[in-house]
Student: 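If you scroll down you'll find the structure; I have some questions about it.
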Amino acid sequence: MSSRLVGVGVGPGDPELVTVKGVNALREADVVVVPVMDSGERGRAEATVLHYVPEDKVVRVVFALNERSDRTRREAAWDAAGERVAELLRRHASVAFATIGDPNVYSTFTYLAQTIAEIVPGTVVQTVPGITAMQDLAARSGAVLTEGTEPLTLVPVTAGAAVLKDALAGPGTVVAYKFGRQAHEVAEALRETGRLADAVWGSALGLPEESVRPAAELDETPLPYLSTLIAPARREGGRGGKL
């Protein structure tokens with residue numbers, strides 16, 4: 001009988017934002033894998049999971065989560081992590097992989113699932129959606145993500161500030177992920193495109209160190225890597241103007 005690998009989105013950090021289906025998937029799995037960095041520090045996914053399952057059910061697997069400069073090292077880390085999860089799948093009927101946010105949005109789970117498909121053929125891969133950082137930031141800040149016919153563009157600033165600037169030149173709401181190390185460049189892009197006034201940013205959402213601030217306060221001070229920005233669409237037409 002085939003083993004099952006379930007990618008479970010556990011939200012941006014607030015344990016109360018894990019869905020009922022997500023909690024059930026974590027509890028029903030034989031083991032729950034959580035990704036950790038080389039340093040072995042407890043990450044958001046692990047901290048969230050421990051609100052719902054006992055620690056002895058959690059398996060920490062090292063991933064090169066922030067490795068971008070050395071592709072060889074990154075690929076080797078992914079292969080090693082894939083082999084560790086494959087070993088678990090050979091011994092257990094169901095393995096859950098907890099990921100912050102949603103498993104289908106900029107998630108390490110995507111690469112893991114591809115690796116498992118190659119080394120453990122026949123594994124059933126499923127995902128349970130999770131609340132994303134942009135949804136949580138919108139709720140905490142009061143920013144409206146979309147109205148009527150407005151488009152929504154999601155940009156990882158790790159792709160470069162130029163990509164963000166191109167998105168900001170468009171008509172809809174722009175969300176930027178992972179912009180903390182380029183906060184100054186992001187602020188400049190917002191100013192140059194006239195999108196600074198209504199934009200907001202947040203980090204550590206739902207955690208004790210949470211910060212939700214107007215983007216106008218951005219300066220050259222580095223922010224946490226996983227900071228999120230929302231630049232709402234321009235809305236001059238009044239209520240329902242974009243319908």
Side-chain angles (χ1 to χ4, degrees), residues 7-22 44-45 48 99-110 127-180 182-183 185-207 210-218 223-243:
V8 182
V10 296
D14 183 346
E16 293 185 346
L17 290 181
V18 184
T19 67
V20 173
K21 187 169 185 175
R44 290 191 202 179
T48 303
T99 178
I100 59 171
D102 183 277
N104 293 304
V105 180
Y106 299 130
S107 171
T108 305
F109 180 75
T110 301
T127 58
V128 177
I131 300 295
T132 61
M134 64 177 164
Q135 292 169 289
D136 196 12
L137 178 56
R140 294 177 188 277
S141 67
V144 176
L145 286 169
T146 55
E147 290 185 6
T149 58
E150 294 171 353
L152 173 65
T153 303
L154 176 59
V155 177
V157 180
T158 48
V163 176
L164 174 62
K165 190 179 295 184
D166 287 344
L168 289 169
T173 294
V174 176
V175 175
Y177 274 3
K178 307 176 185 178
F179 83 92
Q182 295 174 268
E185 292 89 339
V186 168
E188 286 300 311
L190 289 166
R191 289 189 187 95
E192 291 176 18
T193 56
R195 304 287 292 272
L196 184 63
D198 297 326
V200 296
W201 70 270
S203 64
L205 301 173
L207 303 177
E210 174 185 299
S211 181
V212 176
R213 309 287 292 277
E217 296 181 9
L218 288 172
L223 302 176
Y225 173 70
L226 291 178
S227 296
T228 298
L229 174 91
I230 298 176
R234 299 179 179 89
R235 298 176 178 126
E236 291 94 12
R239 186 176 65 181
K242 296 293 183 70
L243 293 175

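We number each residue from 1, following the sequence as shown. Note that the coordinates shown come from a computational prediction; the quantities given were computed from them, not determined experimentally.
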Student: Just jot down the ring-ring contact (aromatic ring centres under 6.0 Å, His included) partners of Phe179, sequence neighbours excluded, or say none.
Tutor: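 ring-ring contact (aromatic ring centres under 6.0 Å, His included) list for Phe179, sorted by chain: empty.
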
Student: Mind checking salt bridge (charged side-chain N to carboxylate O under 4.0 Å, His left out) for Arg140 and listing every partner two or more places apart, or none if nothing turns up?
Tutor: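 Partners of Arg140 by the salt bridge (charged side-chain N to carboxylate O under 4.0 Å, His left out) criterion, ordered by chain and then number, come out as Asp14, Asp136, Glu210.
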
Student: With sequence neighbours left out, write down each residue that passes side-chain hydrogen bond (donor to acceptor under 3.5 Å, both in side chains) with Glu16, or none if nothing qualifies.
Tutor: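 Testing Glu16 for side-chain hydrogen bond (donor to acceptor under 3.5 Å, both in side chains), a comparison that skips the adjacent residues, returns none.
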
Student: Can you name the nearest heavy-atom pair linking Val128 to Thr19, along with the distance?
Tutor: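 Scanning both residues completely, I find the closest heavy atoms to be CG1-OG1, 4.3 Å.
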
Student: Got a sec, which residues hit side chain to side chain contact (heavy atoms under 4.5 Å, CB included) with Thr110, two or more places apart in sequence or on another chain?
Tutor: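 Checked Thr110 against side chain to side chain contact (heavy atoms under 4.5 Å, CB included); matches are Gln114.
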
Student: Which heavy atom of Thr99 sits nearest a heavy atom of Ser107, and at what distance?
Tutor: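 Answer, listing the atom of Thr99 first, then Ser107: OG1-OG, 3.0 Å.
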
Student: Would you check if Glu188 and Glu185 make a side-chain contact, meaning some heavy-atom pair closer than 4.5 Å?
Tutor: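 No, every pair of side-chain atoms sits at 4.5 Å or beyond.
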
Student: Looking only at non-hydrogen atoms, find the nearest pair between Val157 and Ala176 and report the distance.
Tutor: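 The answer is CG2-CB, 3.6 Å.
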
Student: Which residues pass the side-chain hydrogen bond (donor to acceptor under 3.5 Å, both in side chains) test with Asp166, sequence neighbours left out?
Tutor: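 So Asp166 forms no side-chain hydrogen bond (donor to acceptor under 3.5 Å, both in side chains) with any residue.
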
Student: How close do Ala233 and Pro171 get, heavy atom to heavy atom, and via which atoms?
Tutor: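 So the two residues come closest at CB-O, 3.5 Å.
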
Student: Check Val155, Val174, Val163 against Leu168 for a side-chain contact (heavy atoms from CB on, under 4.5 Å) and give me the one that passes.
Tutor: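 Of all the options given, the one that passes is Val174.
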
Student: Taking the side chain as every heavy atom from C-beta outward, state whether Val212 and Leu205 have any pair of such atoms under 4.5 Å apart.
Tutor: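 The answer is yes; the side chains approach within 4.5 Å.
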
Student: Apply side-chain hydrogen bond (donor to acceptor under 3.5 Å, both in side chains) to Thr153 and list each qualifying residue two or more places apart in sequence or on a separate chain.
Tutor: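 Applying side-chain hydrogen bond (donor to acceptor under 3.5 Å, both in side chains) to Thr153 gives none.
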
Student: What pairs with Ile100 under side chain to side chain contact (heavy atoms under 4.5 Å, CB included), at least two apart in sequence or on another chain?
Tutor: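 Listed in chain order: Arg44, Ala45, Leu226.
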
Student: Decide yes or no for Gln182 and Leu164: does some side-chain heavy atom of the first lie under 4.5 Å from some side-chain heavy atom of the second?
Tutor: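 Heavy-atom side-chain distance check fails, nothing below 4.5 Å.
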
Student: Side-chain contact test, heavy atoms from C-beta onward, threshold under 4.5 Å: evaluate it for Leu145 versus Val175 and give yes or no.
Tutor: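 Yes, at least one pair of side-chain atoms sits under 4.5 Å.
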
Student: Could you tell me which residues satisfy side-chain hydrogen bond (donor to acceptor under 3.5 Å, both in side chains) with Gln135, sequence neighbours excluded, listed by chain and number?
Tutor: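 Expected list: Thr132.
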
Student: Has Tyr177 got a side-chain atom pairing as donor or acceptor with Thr158's backbone, closer than 3.5 angstrom?
Tutor: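 Not at all, since once roles are kept as given, no pair shorter than 3.5 Å links the two residues.
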
Student: Under a 3.5 Å distance rule, please check whether Glu150 uses its side chain to pair with a backbone N or O of Glu147 as donor and acceptor.
Tutor: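 Yes; judged by distance alone, with no hydrogens or angles, the pair exists.
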
Student: Looking at every heavy atom in both Gly13 and Thr48, which two are closest together, and how far apart are they?
Tutor: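 Where Gly13 meets Thr48 most closely, the heavy atoms are O-OG1, 3.7 Å.
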
Student: Under the side-chain hydrogen bond (donor to acceptor under 3.5 Å, both in side chains) rule, what pairs show up with a residue in residues 192-204, not counting sequence neighbours?
Tutor: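 Found Lys165-Glu192.
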
Student: Out of curiosity, Thr127 OG1 to Asn104 CG, how far, rounded to the nearest 0.5 Å?
Tutor: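 One gets 4.5 Å once the value is rounded to the nearest 0.5 Å.
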
Student: Rounded at 0.5 Å granularity, tell me how far CG in Leu137 sits from CD1 in Ile230.
Tutor: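 Between atom CG of Leu137 and atom CD1 of Ile230 there are 4.0 Å.
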
Student: Please report the closest heavy-atom contact between Gly130 and Pro103, naming both atoms and the distance.
Tutor: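 So the two residues come closest at N-CD, 4.2 Å.
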
